[in-house]
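Just so you know, residue 1 is the first one in the sequence shown, and it goes up from there. Values below: every heavy atom of this structure, side chains too, minus hydrogens, waters and symmetry copies.
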Amino acid sequence: MSTPTSLPLNARPLVTGFYEKRTNSVQYVVADPETRKCAVIDPVLDFDPKSGATATASADRLLAHIEREGYVPEWILDTHPHADHFSAADYLKERTGALTAIGEKIVEVQKLWKSIYNWPDSFPTDGSHWDKLFADGERFKIGSLDVEVMFTPGHTLASVTYVVGDAAFIHDTIFMPDAGTARADFPGGSARALWQSIQRIMALPDDTRLFTGHDYMPGGREPQWESTVAQQRRENKHLVKARSEEEFVEIREARDRELPMPKLILHALQVNICGGRLPEPESNGKRYLKVPLNALDDAPWGDA
């Protein structure tokens with residue numbers, strides 16, 4: 001892994017978060033104020049598991065904001081393959097022509113879930129569903145803004161953080177301080193790897209703005225998604241309590257044993273490891289999701 005970002009933090013992107021209440025997810029539009037170029041991070045494709053219906057209302061909110069602000073989309077970025085919602089990356093690519101990207105370790109996730117779904121040998125596990133796969137420490141631009149990719153596994157073995165000027169998009173690593181940290185018990189997850197990833201994020205400058213990917217509104221408060229490195233160090237309920245890696249792993253694994261699996265994990269992963277593409281229509285023109293029974297009981301829950 002590379003050392004924490006050395007990019008200049010005086011660059012301040014324009015960041016707008018969009019809370020999606022069905023899955024408690026936060027989508028982001030990140031824009032360069034100078035060029036008006038922008039990126040979308042972790043867009044949501046709506047899905048109703050009861051009816052099997054998909055919709056694009058959440059993603060269309062992003063498009064309306066982009067049009068209203070006069071932005072030009074350059075990138076559609078996912079931080080990791082999500083287990084609780086479908087990615088709208090493919091839909092937004094069709095609408096905007098922007099490039100799609102994710103971390104390069106997605107190929108390992110594809111291999112893992114290809115086995116769980118018993119997909120045929122012809123299914124590619126090379127990340128070719130995206131336009132670009134980012135390596136740890138790789139840099140790219142949103143307009144004139146420099147972006148650095150940090151490999152931050154633990155929640156999944158493919159998770160990355162995007163550092164854009166004074167902002168870092170950390171998704172399922174650290175939540176708001178009163179919510180603690182993200183779970184690490186999915187196939188390929190690791191509480192130990194999550195601790196190490198959090199230390200990389202905490203090594204960023206104190207005033208770095210941290211944008212998380214979910215908020216479950218502890219105590220019934222209103223949704224929140226922005227904090228700073230300094231605030232997280234002072235207040236995060238897991239990081240304040242866990243002063244060592246071993247203490248954190250104990251806390252995180254105990255908490256994870258109490259959590260039910262996300263209700264959409266088996267639905268969402270087969271879409272999200274394909275860059276947000278829905279399954280191809282069958283002979284009757286309908287698309288079908290495949291849900292393997294007892295899959296997670298026997299899944300290889302190895303370290304990241």
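- Summarising the geometry, atom CZ belonging to Phe186 is positioned 7.5 Å from atom NE2 belonging to His80; distances are rounded to the nearest 0.5 Å.
- With hydrogens and angles ignored, the 3.5 Å screen pairs no side-chain donor or acceptor of Tyr91 with any backbone N or O of Val44.
- Between Ile102 and Leu133 the shortest side-chain heavy-atom distance falls below 4.5 Å.
- Judged by distance alone, with hydrogens and angles left aside, the side-chain atoms of Asp206 form no donor-acceptor pair with the main-chain N or O of Ala230 at under 3.5 Å.
- Here Glu247 does not pair with Lys241 in a salt bridge; the nearest charged N to carboxylate O distance is not below 4.0 Å.
- Considering Phe18, Tyr28, Trp225, Phe175 in turn, Tyr28 is the only one that fulfils the ring pair (Phe, Tyr, Trp, His ring centres under 6.0 Å) rule with Phe211.
- Within the 3.5 Å criterion, the main-chain N or O of Arg192 finds no donor-acceptor partner in the side chain of Glu245.
- Counting heavy atoms from C-beta outward, Ser58 and Gln27 have side chains that approach closer than 4.5 Å.
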Could you walk me through whether Glu104 and Phe151 satisfy the side-chain contact (heavy atoms from CB on, under 4.5 Å) test, starting with their C-alpha distance in whole Å, then the side-chain angles of each, then the deciding distance to 0.1 Å, before giving a yes or no? CA-CA 9 Å; Glu104 66 178 359; Phe151 181 45; over 6 Å; no

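- The backbone N or O of Thr79 sits less than 3.5 Å from a side-chain atom of Asp42, completing a donor-acceptor pair.
- Across all non-hydrogen atoms, the minimal contact from Ser25 to His214 is OG-CE1, 3.0 Å.
- Using a 4.5 Å cut-off on side-chain heavy atoms (C-beta onward), Thr181 and Phe248 make contact.
- Side chain of Asp166 to main chain of Arg12: no donor-acceptor pair is present (N/O by atom type, distance under 3.5 Å, no hydrogens or angles).
- In this view, Trp130 satisfies the ring-ring contact (aromatic ring centres under 6.0 Å, His included) rule with no residue, not counting sequence neighbours.
- No donor-acceptor distance shorter than 3.5 angstrom exists from the side chain of His155 to the backbone of Thr173, with no hydrogens or angles considered.
- One N or O on the side chain of Gln270 and one on the backbone of Lys290 form a donor-acceptor pair closer than 3.5 Å.
- Hydrophobic clustering (ILVMFWY, side-chain heavy atoms < 4.5 Å, transitive): Leu112 and Leu269 are in one cluster.
- Under the 4.5 Å side-chain criterion, counting only non-hydrogen atoms from C-beta, Thr152 is not in contact with Ile170.
- The local environment of CD in Glu222 is sparse, with at most 12 non-hydrogen atoms from other residues, nucleotides or ligands closer than 6.0 Å.
- Counting heavy atoms from C-beta outward, Lys93 and Val40 have side chains that stay 4.5 Å or more apart.
- When only modelled atom types and interatomic distance are considered, Asp84 and Thr23 share no side-chain donor-acceptor pair under 3.5 Å.
- Under the 4.0 Å criterion applied to side-chain N and carboxylate O atoms, Glu253 and Arg183 are not assigned as salt-bridge partners.
- If you chain together hydrophobic residues whose side chains sit under 4.5 Å apart, Val72 and Leu99 never meet in one group.
- In terms of heavy atoms, Gln110 sits closest to Pro124 at OE1-O, 3.9 Å.
- Both Tyr117 and Val109 sit in one connected hydrophobic cluster of ILVMFWY residues. Membership requires side-chain heavy atoms under 4.5 Å apart, directly or through other members.
- Note that CZ of Arg287 is 10.5 Å distant from CD of Glu282, once rounded to the nearest 0.5 Å.
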For Arg95 and Asp60, run salt bridge (charged side-chain N to carboxylate O under 4.0 Å, His left out): C-alpha distance rounded to whole Å, both residues' side-chain angles, the deciding distance at 0.1 Å, then the answer. CA-CA 10 Å; Arg95 292 294 304 274; Asp60 288 339; 3.8 Å; yes

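- Atom CD of Glu226 has more than 12 neighbouring heavy atoms from other residues, nucleotides or ligands inside a 6.0 Å radius.
- Of all the heavy atoms in Gly165 and Pro13, the pair that sits closest is CA-CD, 4.4 Å.
- Between atom CG of residue Leu92 and atom CG of residue Asp90 there is a gap of 9.0 Å, rounded to the nearest 0.5 Å.
- Judged by distance alone, the side chain of Asp131 and the main-chain N or O of Thr100 form a donor-acceptor pair under 3.5 Å.
- A donor-acceptor pair under 3.5 Å is formed between the side chain of Lys114 and the backbone N or O of Phe123.
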Verdict with supporting geometry, Asp32 and Lys141, salt bridge (charged side-chain N to carboxylate O under 4.0 Å, His left out): CA-CA 10 Å; Asp32 173 17; Lys141 284 185 175 291; over 6 Å; no

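- Centroid-to-centroid, the aromatic rings of His65 and Tyr71 come within less than 6.0 Å.
- Here the two rings, on Tyr162 and His171, have centers that are 6.0 Å apart or farther.
- Heavy-atom neighbours of Asp121 CG from other residues, nucleotides or ligands within 6.0 Å: at or below the threshold of 12.
- A donor-acceptor contact closer than 3.5 angstrom is absent between the side chains of Ser87 and Asn272.
- No side-chain heavy atom of Leu210 sits less than 4.5 Å from a side-chain heavy atom of Gln231.
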Does the side-chain contact (heavy atoms from CB on, under 4.5 Å) test come out yes or no for Val240 and Glu235, once each step is laid out? CA-CA 7 Å; Val240 169; Glu235 303 174 14; 5.7 Å; no

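- Atoms CH2 and CD1, on Trp195 and Ile251 in that order, are 9.0 Å from each other to the nearest 0.5 Å.
- Residues Val163 and Ile174 fall within the same hydrophobic cluster, defined by Ile, Leu, Val, Met, Phe, Trp and Tyr side chains chained together at heavy-atom separations under 4.5 Å.
- Across Tyr19 and Met217, no two heavy atoms sit closer than the pair OH-CE, 3.5 Å.
- Shown here for Ala39 and Ile142, the closest heavy-atom pair between the two residues is CB-CD1, 3.5 Å.
- The side-chain heavy atoms of Trp113 and Leu266, taken from C-beta on, include a pair separated by under 4.5 Å.
- With sequence neighbours excluded, the residues forming a side chain to side chain contact (heavy atoms under 4.5 Å, CB included) with Lys132 are Trp75, Ala101, Phe134, Glu138, listed by chain and number.
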Could you walk me through whether Ile76 and Thr96 pass the side-chain contact (heavy atoms from CB on, under 4.5 Å) check? CA-CA 10 Å; Ile76 302 159; Thr96 68; 4.0 Å; yes

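- A donor-acceptor pair under 3.5 Å is absent between the side-chain atoms of Arg22 and the main chain of Asp46, judged by distance alone.
- To the nearest 0.5 angstrom, Ser128 atom OG is 11.5 Å from Ile106 atom CD1.
- In plain terms, the two heavy atoms of Leu264 and Pro49 that are nearest each other are CD2-CB, 3.8 Å.
- Taken together through direct or relayed side-chain contacts under 4.5 Å among Ile, Leu, Val, Met, Phe, Trp and Tyr, Leu14 and Ile41 form parts of separate hydrophobic clusters.
- Here the side chains of Asp178 and Arg221 are in contact, with some heavy-atom distance below 4.5 Å.
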List the steps and the verdict of side-chain contact (heavy atoms from CB on, under 4.5 Å) for Leu45 and Leu278. CA-CA 10 Å; Leu45 182 70; Leu278 297 174; 4.2 Å; yes

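- Taken to the nearest 0.5 Å, the OG1 atom of Thr228 stands 8.0 Å off from the CG atom of Asp207.
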